[in-house]
Amino acid sequence: MTDHARVEYDGQTFEAPIVVGTEQERGLDVSKLRGSTGLITYDPGYANTGSARSAITFIDGDAGILRYRGYPIEPLAEQSSFIETSYLLIHGELPTREQLRGFRDQITHHTLLREDMRPLFDAFPPDAHPMAILSAATSGLSTFYQDHYDPLDPADVEVSTYRLMAKLPTVAAWSYKKSIGQPYVYPQNALGYAENFLHMMFAVPAEDYHVDPELTNALTQLLILHADHEQNASTSTVRLVGSTHVNIYAAIAAGISALWGPRHGGANQEVIQMLEEIAAAEGNTASFIARAKDRNDPFRLMGFGHRVYKNYDPRAKIIKNTADTVINKLVGDDPLFEVARELEEAALQDDYFIEKKLYPNVDFYSGLIYRAMGLPLNMFPVLFALGRLPGWVAQWKEMIEDSETRIGRPRQIYVGPTERDYVPISQRS
Ligand code: CMC
């Protein structure tokens, strides 16, 4: 195969080198295109734009493959811990036992929030969406560590990583406690990562609370499955914001906001609302499928479709099995799970979904597990954010350490008015 492509334009020739990845993906390097020809590339939604060389996550969307640092998602979901997967994503290799112990100890050591942060939670209205609180508090964390958040200082980056990983579950749980008017529960460092989070969510000071190991295992698996997904909208946001050399807390806070949207991490919450509507309509999946296909109706099947996967999302496959086990154990029969399975079956047999290669994505079944665990709907995207955190950190770190990184600054094709004369207000009607 040739190592360049040629762009002929207006009598000029531009030779674009071909960039080849380790999985033989090929990209056209257009970084010198404008300088040579005056042309820019136009790619709304960045569907054809490779914004980075990345060694973190590989997805083959046609084959339904997802790997973190070369390791397939399936054994990680089955056998790894969230802390180990986080180490793998952030540092590039599976840790030795000693490295894992050190990483875990550091994260455990930083779980407390500064006491001065408590009033922040009180300041929000009781019905505040916890994603708003998570984003605000993550940005707010930076105010406590202003002497240790230099993005170019490796020691600052290391301690910021521990602080983010340690404190975000506390922030998330406290935003929930605030919404239900219960006292904040402090972290218990003797507990594991997911267990500690569930304890802060569901314990009350008046009683003993023991976290069901089945819940811990299911949550751990969900966190692992959400831990990274290469250059998705929130990760690209973290990289773009981070490319300005702002501190990592601010960059991650921006990623949380990007994740909140219903086309991204907010979809898991919307899936449940959609399934509830279908159940209320006596399980009439056909009418919802018809609406999703109707070009004049903005409705989409939530939890279906993906920019990259044109096959079954490998994460959804695992989550569907876990949902089966967890729901059976915790609630027995869940009519919504039944509706979800029927909806999936009907959609996968429908020509529209077959033609457009729309399959269930990670959000389709995850909400059913969160719901069975007793988590409220608006916490679902927060759980996604907790899972995605190590991926954001790893991608941010790769970006900041990459000598090719420049400030992210796309171009545009201007389509507004050409130059015109200003008319003073006194001369306008
Ligand atoms: N229901 C009905 N039609 C759909 C759906 C859907 N869920 N998803 C895509 N389509 C159609 C879409 O209307 C378009 O049709 P046409 O070519 O006739 O205009 C075609 O399929 C391609 O869709 P697109 O919007 O151009 O694709 P995209 O890559 O820009 O969007 C997506 C991907 C995930 C935003 C989209 O599939 C969607 O809105 N899905 C529902 C929301 C959702 O589940 N989001 C979670 C994504 S996975 C987790 C995450 O990363 O956050």
Side-chain angles (χ1 to χ4, degrees), residues 43-49 56-57 59 61-62 64-66 68 73 131 134 222-239 254-275 277-278 285-320 340 343-370 377 380-389 391-392 395:
D43 186 20
Y46 310 127
N48 300 287
T49 296
I56 301 172
T57 288
I59 303 175
D62 295 322
I65 288 173
L66 169 63
Y68 297 160
I73 192 66
M131 279 299 260
L134 188 68
L222 285 166
L223 294 174
I224 292 171
L225 291 172
H226 285 83
D228 194 50
H229 215 233
E230 49 118 309
Q231 310 310 320
N232 55 83
S234 56
T235 301
S236 298
T237 302
V238 170
R239 278 180 173 262
I256 293 168
S257 296
L259 185 72
W260 188 3
R263 297 240 162 142
H264 194 7
N268 51 18
Q269 176 176 350
E270 305 258 334
V271 168
I272 299 297
Q273 283 156 346
M274 174 186 74
L275 296 176
E277 272 181 57
I278 298 176
T285 49
S287 74
F288 284 81
I289 289 188
R291 280 187 63 197
K293 288 158 53 173
D294 182 354
R295 280 189 165 277
N296 300 316
D297 189 330
F299 174 77
R300 287 182 169 202
L301 273 200
M302 298 313 287
F304 257 79
H306 198 276
R307 171 64 62 79
V308 184
Y309 292 119
K310 302 301 164 200
N311 200 328
Y312 213 104
D313 182 333
R315 303 167 298 175
K317 229 181 250 174
I318 301 170
I319 294 174
K320 187 179 176 183
L343 186 63
E344 177 193 334
E345 207 183 310
L348 293 184
Q349 283 169 13
D350 189 288
D351 285 348
Y352 173 95
F353 288 85
I354 295 171
E355 227 166 75
K356 296 190 189 299
K357 300 187 174 158
L358 300 169
Y359 292 85
N361 60 47
V362 68
D363 291 319
F364 193 66
Y365 287 107
S366 59
L368 287 163
I369 304 183
Y370 297 142
L377 276 187
F380 295 5
V382 170
L383 269 289
F384 194 148
L386 292 185
R388 185 54 53 87
L389 178 62
W392 287 331
Q395 299 272 354

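FYI, the numbering just counts along the sequence from 1. Counting convention: from 1, in listed order, for ligands and their atoms alike.
Looking at Val308, Asn268, Leu259, Leu358 and measuring to atom 9 (C) of ligand 1, the nearest heavy atom belongs to Leu358. The nearest non-hydrogen atom to atom 13 (O) of ligand 1, considering only Glu355, Arg300, Arg388, comes from Arg300.
Of all atoms in ligand 1, numbered sequentially from 1 with element shown, those under 4.0 Å from a heavy atom of Val362 are 49 (C). Atoms of ligand 1 lying under 4.0 Å from at least one heavy atom of Asp363, given by number and element, are 46 (C), 48 (S), 49 (C), 52 (O). Close contacts between ligand 1 and Arg307 involve ligand atoms 28 (P), 29 (O), 30 (O), 33 (C) [criterion: under 4.0 Å to a heavy atom]. Listed by atom number, the atoms of ligand 1 under 4.0 Å from His264 heavy atoms are 46 (C), 50 (C), 51 (O), 52 (O). Close approach of ligand 1 to Phe384 is summarised as follows: ligand atoms under 4.0 Å from at least one heavy atom of the residue are 52 (O). Annotation for ligand 1: atoms under 4.0 Å from non-hydrogen atoms of Ala267 are 43 (C), 44 (O), 45 (N), 46 (C).
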Take Ile56 and Tyr68 through the side-chain contact (heavy atoms from CB on, under 4.5 Å) test and state the conclusion after the steps. CA-CA 6 Å; Ile56 301 172; Tyr68 297 160; over 6 Å; no

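Ligand 1 lies out of reach of Glu270, whose nearest heavy atom is not under 4.0 Å from it. Residue Tyr352 places a heavy atom less than 4.0 Å from ligand 1. Under a 4.0 Å heavy-atom criterion, Gly45 is not in contact with ligand 1.
In this structure, His229 has its ring center closer than 6.0 angstrom to the ring center of Tyr309.
Looking at ligand 1, you'll find an N or O of Lys356 within less than 3.5 Å of one of its N or O atoms. The shortest N or O to N or O distance between Arg315 and ligand 1 is not below 3.5 Å. In terms of polar-atom proximity, Phe304 is counted as a contact of ligand 1, with an N or O under 3.5 Å from an N or O of the ligand. Checked against a 3.5 angstrom limit, the closest N/O atoms of Leu301 and ligand 1 fall inside it. The shortest N/O to N/O separation between Gly303 and ligand 1 falls below 3.5 Å.
A donor-acceptor pair under 3.5 Å is formed between the side chain of Asn311 and the backbone N or O of Asp62. Side-chain atoms of His264 come within 3.5 Å of backbone N or O of Ser234 as a donor-acceptor pair. In this structure, the side chain of Asn361 does not engage the main chain of His306 through any donor-acceptor pair within 3.5 Å.
Between the side chains of Gln231 and Tyr46, no donor N or O sits under 3.5 Å from an acceptor N or O. Between the side chains of Gln269 and Tyr370, no donor-acceptor pair is found at a separation under 3.5 Å.
Residue Lys293 does not touch ligand 1, judged by heavy-atom distances below 4.0 Å.
Distance check on atom 22 (C) of ligand 1: every protein heavy atom falls at or beyond the 4.0 Å cut-off. Checking atom 27 (O) of ligand 1 against the protein gives no heavy-atom contact under 4.0 Å.
For the pair Lys357 and Tyr359, the cation-pi test (distance below 6.0 Å, angle within 45°) is failed.
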